Amino acid sequence: MSKIVVGVDGSPESHRALRWALSQARFYDADVEAVHVYTYTLPDVPDSAVGHPELIDEVIASAKQRAGRVINEAVQAAGELAEGVTVDQHLIRGREAAEHLMRAAADAQLLVVGSRGLGGFAKLLLGSVSQKCIDHAQCTVMVVRGEPPPLPAR
């Protein structure tokens with residue numbers, strides 16, 4: 001296994017997915033690609049931005065900065081699990097998180113996602129992103145629900 005892609009959206013489930021991906025990477029001597037798909041919404045764009053594309057650029061830059069903090073905080077929170085593992089962080093601006101994650105995992109051996117993200121209905125067992133990845137990804141998909149058990153020593 002040489003590459004593991006993991007979706008990180010800042011939710012507790014995605015933090016657990018990242019920790020699980022990092023533990024797998026340590027065990028199999030693989031690299032991790034942490035992917036955060038972000039967007040901005042119309043409420044983020046003030047009415048005064050109409051006719052001023054530079055203001056919209058500022059909103060987009062601000063959204064990208066927030067996304068960067070989300071992924072950095074997740075990697076830092078993983079602590080020592082990240083030590084010794086090559087972790088590439090990718091920010092992708094877009095709306096369809098599952099599509100972007102599957103594209104990022106096109107050459108990966110494993111795609112790891114949390115069972116639930118930040119949106120949707122809290123009572124569902126699986127979120128729409130994890131369900132789409134299970135249904136359509138070209139590689140193996142691991143959906144992490146709860147705290148994964150530690151891997152045995154190698």
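What you see is a predicted model, and the numbers here were worked out from it, not measured in a lab.
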What distance separates [X] [atom1] from [Y] [atom2], expressed to the nearest 0.5 Å?
X: I71; Y: Y38; atom1: CD1; atom2: OH; result: 11.5 Å
X: R69; Y: Q76; atom1: CZ; atom2: CD; result: 12.5 Å
X: I60; Y: T39; atom1: CD1; atom2: OG1; result: 8.5 Å
X: Q109; Y: D107; atom1: CD; atom2: CG; result: 7.5 Å
X: L91; Y: H36; atom1: CG; atom2: NE2; result: 7.0 Å

Are any of the side-chain heavy atoms of [X] and [Y] separated by less than 4.5 Å?
X: M142; Y: Q24; value: no
X: E13; Y: R145; value: no
X: C133; Y: M102; value: yes
X: K64; Y: R93; value: no

What are the two closest heavy atoms between [X] and [Y], and how far apart are they?
X: K132; Y: A98; value: CB-CB, 3.6 Å
X: V6; Y: A21; value: CB-CB, 4.0 Å
X: S115; Y: V143; value: CA-CG1, 3.5 Å
X: A78; Y: L18; value: CB-CD2, 4.5 Å
X: A74; Y: V8; value: CB-CG1, 3.6 Å
X: L101; Y: G7; value: CD2-CA, 3.6 Å

Original post:
With S130, which of V144, V113, L111, D135 fulfils side chain to side chain contact (heavy atoms under 4.5 Å, CB included)?
Top reply: V113
**OP:** Take S23 and R19, measure what side-chain hydrogen bond (donor to acceptor under 3.5 Å, both in side chains) needs, and give me the verdict at the end.
**Re:** CA-CA 6 Å; S23 67; R19 288 194 301 274; over 6 Å; no
Expected output: side-chain [X] to main-chain [Y] donor-acceptor under 3.5 Å:
X: S14; Y: D9; result: yes
X: Q89; Y: A34; result: no
X: R26; Y: E83; result: yes
X: H90; Y: V35; result: no

